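The shown structure was predicted, so the numbers you read here are calculated from the model rather than taken from an experiment.
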Amino acid sequence: MRTVAVVGASLAGLSAARSLRKQGYDGRLVVIGDELHRPYDRPPLSKEFLAGTLGEADLALEAQDEDLCAEWLLGTRATGLDRADRAVRLADGREVRVDGLVIATGAAARRLPGSDGLAGVHVLRTLDDARALRDELARGGRLVVIGGGFIGAEVASTAYALGLDVTVVEVAPTPLAGPLGAAMGAIVSGLHADHGVRLLCGVGVKGLSGERRVDAVLLEDGRSVPADIVLVGVGACPGVEWLAGSGVELDNGVKCGADGRTALAGVVAVGDCANWYDPRAGAHRRVEHWTGARERPEAAVATLLAGGAVAPGVPRPPYFWSDQYGVRIQFAGHAAGADSVTVEEGAADDRNVLAVYRRAGDPVAVLGMNQPRLFTRWRKQLAAPTS
């Protein structure tokens with residue numbers, strides 16, 4: 001291969017570029033990113049960066065002396081992939097012809113319909129998003145978080161520590177029931193009530209009120225929640241619209257094998273946009289976690305450089321963590337399909353717990369709240385090869 005392009009310049013794209021060089025690729029390497037920023041770490045955006053305890057320089061993912069001998073095309077997004085010419089089309093009119101392609105275009109935050117142009121309404125996905133939200137939180141006031149997932153919960157925790165009045169609105173009866181199951185989701189989301197943050201569950205958002213700036217969140221049940229600032233944390237959509245008509249199969253992102261290979265030869269996908277096959281589950285799963293974006297590019301690059309001739313391995317079970325109200329929450333595996341969950345250590349009421357999810361008696365996931373040592377042991381067990 002004379003030219004390989006990596007489309008996406010965040011953690012997954014950087015990890016792929018590093019893997020290419022580490023695995024011996026010495027040809028032309030082009031990294032394309034729609035943001036102007038060099039690769040940066042996203043998890044602190046909802047925590048330390050918002051709180052002002054971490055600066056922008058601390059977010060950098062590249063070492064000062066790191067040189068991948070790559071061409072960086074930043075501040076321009078990919079708009080199409082020409083299958084016949086094997087060319088990536090860019091918004092600024094340029095084309096990059098490639099022999100190999102790594103798709104790492106991530107995902108974009110979902111926005112609330114009707115919120116465009118209304119001051120005080122934010123999403124949190126990028127550094128620019130975090131800058132804008134941080135400036136508003138510094139002024140204080142009433143924050144309403146729409147969505148009780150991990151990003152929403154982390155922002156609520158950070159804002160609470162900054163002294164804001166915080167309300168979290170969640171349409172589901174139990175926050176985090178999707179990734180953690182209802183029982184453990186209720187325990188983790190109980191951290192809000194423990195700290196005096198209002199949690200309104202089982203009610204949807206009808207809209208927002210305000211002329212130039214938001215002043216309230218209107219709920220489906222007729223209530224109105226006053227707001228000076230609103231964070232919309234209702235998930236993300238994979239950034240794959242630019243691949244329409246390219247021959248890359250799209251299904252909740254880029255549909256991939258267990259090693260990131262796509263339906264097109266010489267094209268792999270990694271990161272939040274990649275819907276990898278999980279042999280353990282017998283299904284495709286799109287994993288939006290930092291660890292997957294760091295680890296999985298190594299396998300994808302290996303299959304790209306080998307032309308698909310290497311046998312795919314089994315990806316490690318997905319792992320993520322969250323810091324809320326001073327509690328470290330860690331989770332590995334898949335809660336979906338578990339038929340039981342048991343507390344193995346600690347007490348749920350103390351938010352200090354190690355819980356194991358099982359299916360037919362076999363562990364399939366583990367949750368830890370302030371249990372790093374036991375959690376690490378169980379995580380290794382989940383990742384161990386099965387006979």
Side-chain angles (χ1 to χ4, degrees), residues 7-13 33-37 39-50 56 59 74-75 77-79 91 103-137 143-159 166-172 175-176 178-179 204-205 207-208 214 217 227 229-243 250 252-254 269-275 286-290 292-293 318 320 322-324:
V7 184
S10 193
L11 175 62
D34 59 355
E35 294 184 65
L36 287 169
H37 311 294
Y40 59 87
D41 207 15
R42 294 184 190 273
L45 295 181
S46 57
K47 302 181 283 289
E48 297 94 339
F49 184 79
L50 277 190
E56 291 188 19
L59 301 175
L74 301 178
R77 61 186 177 86
T79 58
I103 300 168
T105 40
R110 289 192 176 96
R111 297 179 180 270
L112 198 66
S115 64
D116 291 345
L118 194 59
V121 181
H122 299 264
V123 295
L124 182 55
R125 187 76 185 183
T126 68
L127 176 55
D128 291 336
D129 293 338
R131 286 171 173 169
L133 180 58
R134 180 191 58 186
D135 291 346
E136 294 237 46
L137 293 181
L143 169 69
V144 176
V145 177
I146 301 174
F150 285 105
I151 292 294
E154 289 172 358
V155 172
S157 170
T158 302
V166 184
T167 300
V168 177
V169 179
E170 169 58 48
V171 67
L176 302 173
V205 171
L208 305 175
V214 67
V217 175
I229 311 165
V230 171
L231 173 74
V232 180
V234 292
C237 300
V240 296
E241 63 284 344
W242 67 282
L243 293 166
L250 303 179
N252 185 29
V254 177
V270 295
D272 292 1
C273 70
N275 189 10
R286 190 165 60 85
V287 176
E288 296 184 58
H289 303 315
W290 187 94
F320 63 86
S322 178
D323 294 307
Q324 301 173 28

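Not a single donor-acceptor pair under 3.5 Å links the side chain of S157 to the backbone N or O of A153.
Between V155 and L143, some side-chain heavy-atom pair lies under the 4.5 Å cut-off. Under the 4.5 Å side-chain criterion, counting only non-hydrogen atoms from C-beta, L59 is in contact with P44.
Across all their heavy atoms, G204 and V171 have their closest contact at CA-CG2, 3.9 Å. Scanning both residues, R77 and D34, for their nearest heavy atoms gives CB-CB, 3.6 Å. Of all non-hydrogen atoms in P175 and G148, the two that sit nearest each other are CB-O, 3.8 Å. Contact between E136 and G120 at its shortest, heavy atoms only, is OE2-CA, 3.4 Å. A78 approaches V7 most closely through the heavy-atom pair CB-CG1, 3.7 Å. Of all heavy-atom pairs spanning Y40 and L127, the tightest one is OH-N, 2.9 Å.
For the atom pair CG of L250 and CG of L243, the computed distance is 6.0 Å after rounding to the nearest 0.5 Å. In this structure, the separation between OG on S46 and CD on Q324 is 9.0 Å, given to the nearest 0.5 Å. Atom-to-atom distance recorded for E288:CD and C273:SG is 10.0 Å, nearest 0.5 angstrom. Residue L133 holds its CG atom at 12.5 Å from CG of D128, rounded to the nearest 0.5 Å. The NE2 atom of H122 sits 6.5 Å away from atom CD1 of I229, with the distance rounded to the nearest 0.5 Å. Atom CG of residue L208 and atom CD1 of residue I146 lie 5.5 Å apart, to the nearest 0.5 angstrom.
Taking a cutoff of 4.0 Å between a charged side-chain nitrogen and a carboxylate oxygen, R42 and D272 do not qualify as a salt bridge.
With sequence neighbours excluded, the residues that form a side chain to side chain donor-acceptor pair (under 3.5 Å) with N252 are R286. F150 is linked by a ring-ring contact (aromatic ring centres under 6.0 Å, His included) to F320, counting only residues two or more places apart in sequence or in another chain. Taking the side chain to side chain donor-acceptor pair (under 3.5 Å) definition, one finds that S115 meets it with nothing, sequence neighbours left out. Residues passing the ring-ring contact (aromatic ring centres under 6.0 Å, His included) test with W290, sequence neighbours excluded: W321. Here A130 pairs with L45, F49, L124 under the side chain to side chain contact (heavy atoms under 4.5 Å, CB included) rule; sequence neighbours left out. A search for side chain to side chain contact (heavy atoms under 4.5 Å, CB included) contacts involving L36 returns nothing, not counting sequence neighbours.
Of the candidates V123, V234, V121, V123 is the only one forming a side-chain contact (heavy atoms from CB on, under 4.5 Å) with R111.
The environment of R134 atom CZ is dense: over 12 non-hydrogen atoms of other residues, nucleotides or ligands sit within 6.0 angstrom.
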